Structure formats: C-alpha cells, structure tokens
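Before any comments, here is the structure.
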Amino acid sequence: MSEKEKLIREIKSQMLSDKSLPLRKGAHNLVFGDGDPEAEIIFIGEGPGYWEDQKGTPFVGNAGALLNQLLASVNLNRENVFITNVVHYRPPENRDPEPSELDAFRPYLDRIIEIIKPKIIVTLGRFSMAKFLPGVTISRVHGKEKQLKWEDNEIWVIPMYHPAAGLRSTDIKRQLFEDFKRIPEIQEKTRKSEEVNQGTKVQQMKLV
Ligand code: URA
C-alpha cells in the first residue's frame with residue numbers, strides 16, 4: 001500500500017469515529033471519497049444524496065452517471081481520479097449544506113487535499129467553488145481555470161457546474177462537456193511546466 005493510501009485510510013477512520021460531525025445521526029453511511037489517492041485530479045462536489053448515503057460512495061446516482069460520462073469524454077474514469085464532497089454525510093432532503101456544516105467537515109477535506117497533493121482540482125457546483133474562489137459567480141467563471149497556491153503547492157482550480165444542474169438543463173449539460181475539455185489541456189500544461197522545472201534543476205546541478 002502506498003504512503004498516500006495509508007494516510008487516506010487513516011483520515012477515513014478518524015472521520016468514522018468522529019461523533020461530533022454534523023448530519024451523522026440522520027445518515028446511513030459516511031461518504032468519504034472514491035478513487036485513487038495517487039491521482040493528479042480531485043473532483044469536489046457538494047454532499048451525498050439518497051444513493052450515495054445508501055452506498056457510502058460519492059456520485060453513484062443520476063448526477064454520478066452524468067459525471068461518469070463526462071469523465072469518459074476526456075478519457076478519464078473513476079479509478080484514475082479522486083472524487084469527494086464538501087460535506088460527507090447526507091443533508092436531509094438534499095438541502096444545501098449550512099455554513100456550520102461546511103466548517104465542521106473542512107479540516108477533513110483540507111487534509112484529504114494535503115495528502116493527495118493534486119495538480120488539478122475540479123469544483124462541481126458553487127459550494128466547492130466558493131472554497132477556492134470566494135465571491136465569484138459560476139455562470140461567469142465556469143470552465144475558466146485559475147492557478148493558485150494551496151498550502152505550499154501550486155494547483156489549477158477549474159470551476160464547473162454541478163452535474164445535477166446538467167440533468168436539469170440541456171444547455172448546462174452541453175457547457176459541462178465543453179468545460180471538461182479544459183482538463184486534458186491543463187494536464188498538458190502542468191506536464192510541460194514540470195519538464196521545465198526538471199530541466200532547470202538539472203542545469204542548476206550541472207553548475208554546482
Ligand atoms: N451530488 C454531490 O454533490 N455529491 C455526490 O456525491 C452526489 C451528488
């Protein structure tokens with residue numbers, strides 16, 4: 001088991017035993033996250049719905065089926081990314097998470113990001129977008145990547161509509177497919193800048 005996988009398992013068991021977490025009482029399962037802890041991309045949604053709560057896995061209902069199609073459209077799948085949410089127990093009747101709930105889950109989500117150290121974070125919907133890009137409006141910024149420093153790492157954040165919104169509007173669905181095309185372009189960009197950094201390091205070593 002890799003170091004990241006070990007740390008991810010540890011954080012999951014800490015969450016499972018944290019009785020102070022809100023929404024826990026009405027939920028069937030903790031919906032921690034799914035995918036590869038070694039992934040370079042994390043997708044962050046809002047919170048579990050009915051099916052996620054039943055199964056303990058994020059994005060397994062209708063919105064999840066659309067997310068799977070979006071991933072496939074850029075040659076990704078659930079095994080080579082990591083998927084999680086801003087709250088990890090189901091809010092009753094799928095209501096929006098409250099600020100105090102977001103606060104309670106935040107340290108765990110931050111730790112997940114710190115362990116995985118993704119190069120790209122795709123936010124799905126306005127709650128996860130607001131974590132990285134406070135004060136912006138999704139209709140203006142969706143599909144527009146932004147590079148920022150998170151902890152000590154440079155990451156690209158790509159805000160996107162929530163897939164559930166794509167199920168309600170064919171226009172938003174079309175935009176989601178368009179916006180997903182940014183992902184391979186940004187992957188390419190991060191690879192190139194890594195090559196440049198590697199090259200600079202080699203040059204510096206030669207000079208020493
Ligand atoms: N919607 C979300 O935001 N997250 C899920 O896990 C499922 C639906």
Side-chain angles (χ1 to χ4, degrees), residues 8 11-12 15-16 18 21-37 39 41-73 76-106 108-113 116 118 120-134 136-139 141-143 157-170 172-173 175-177 179-180 183:
I8 281 291
I11 195 81
K12 182 175 178 183
M15 285 187 92
L16 282 167
D18 185 345
L21 281 172
L23 304 169
R24 180 187 161 117
K25 281 208 185 88
H28 291 94
N29 281 298
L30 174 78
V31 179
F32 172 76
D34 188 30
D36 183 4
I41 312 177
I42 299 186
F43 290 79
I44 308 177
E46 194 174 305
Y50 176 85
W51 286 110
E52 290 76 21
D53 176 52
Q54 294 290 319
K55 299 197 172 163
T57 308
F59 285 99
V60 288
N62 291 338
L66 177 55
L67 179 60
N68 291 346
Q69 284 177 35
L70 289 159
L71 289 169
S73 73
L76 291 171
N77 61 53
R78 295 175 72 109
E79 283 82 53
N80 51 32
V81 301
F82 195 84
I83 303 173
T84 188
N85 285 306
V86 287
V87 300
H88 302 83
Y89 284 116
R90 183 188 182 203
E93 309 298 323
N94 298 343
R95 64 154 169 76
D96 287 349
E98 289 172 1
S100 63
E101 293 161 356
L102 295 166
D103 288 347
F105 288 96
R106 182 173 300 118
Y108 288 109
L109 177 57
D110 285 345
R111 182 81 183 112
I112 291 170
I113 297 170
I116 296 181
I120 300 170
I121 293 182
V122 178
T123 61
L124 300 170
R126 61 202 162 93
F127 288 97
S128 58
M129 179 182 74
K131 178 176 174 68
F132 302 96
L133 307 169
V136 303
T137 310
I138 200 154
S139 56
V141 301
H142 70 90
V157 173
I158 323 176
M160 303 221 189
Y161 283 110
H162 194 286
L167 295 176
R168 292 190 293 266
S169 151
T170 48
I172 289 186
K173 188 172 177 180
Q175 300 206 17
L176 268 166
F177 277 97
D179 292 349
F180 259 67
I183 298 174

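Numbering of ligands and ligand atoms starts at 1, following listing order. Given the structure is predicted, the values throughout are model-derived calculations rather than measurements.
No N or O atom of E52 sits closer than 3.5 Å to an N or O atom of ligand 1.
The closest protein non-hydrogen atom to atom 4 (N) of ligand 1 is N85 OD1, 2.8 Å.
Between R95 and E101 there is a salt bridge, since at least one side-chain N of the basic residue sits less than 4.0 Å from a carboxylate O of the acidic one. Comment: D110 engages K131 in a salt bridge, judged by a side-chain N to carboxylate O separation of less than 4.0 angstrom.
Taking every non-hydrogen atom of P58 and a distance limit under 4.0 Å, the qualifying atoms of ligand 1 come out as 6 (O). Taking every heavy atom of H162 and a limit of under 4.0 angstrom, the matching atoms of ligand 1 come to 1 (N), 2 (C), 3 (O). Residue G45 has at least one heavy-atom neighbour below 4.0 Å for each of these atoms of ligand 1: 3 (O). For ligand 1 and E46, the ligand atoms under 4.0 Å from any heavy atom of the residue are 2 (C), 3 (O).
Under a 3.5 Å cut-off, the side chain of E52 and the backbone N or O of G47 do not form any donor-acceptor pair. Not one N or O on the side chain of T123 forms a donor-acceptor pair closer than 3.5 Å with the backbone of I44.
With a 4.5 Å cut-off on side-chain heavy atoms, I11 and Y108 count as touching. Residues R78 and F59 are in side-chain contact: their nearest non-hydrogen atoms beyond the backbone lie under 4.5 Å apart.
Heavy-atom proximity to atom 5 (C) of ligand 1, evaluated over G47, G49, A63, is greatest for G47.
Not a single heavy atom of V31 sits under 4.0 Å from any atom of ligand 1.
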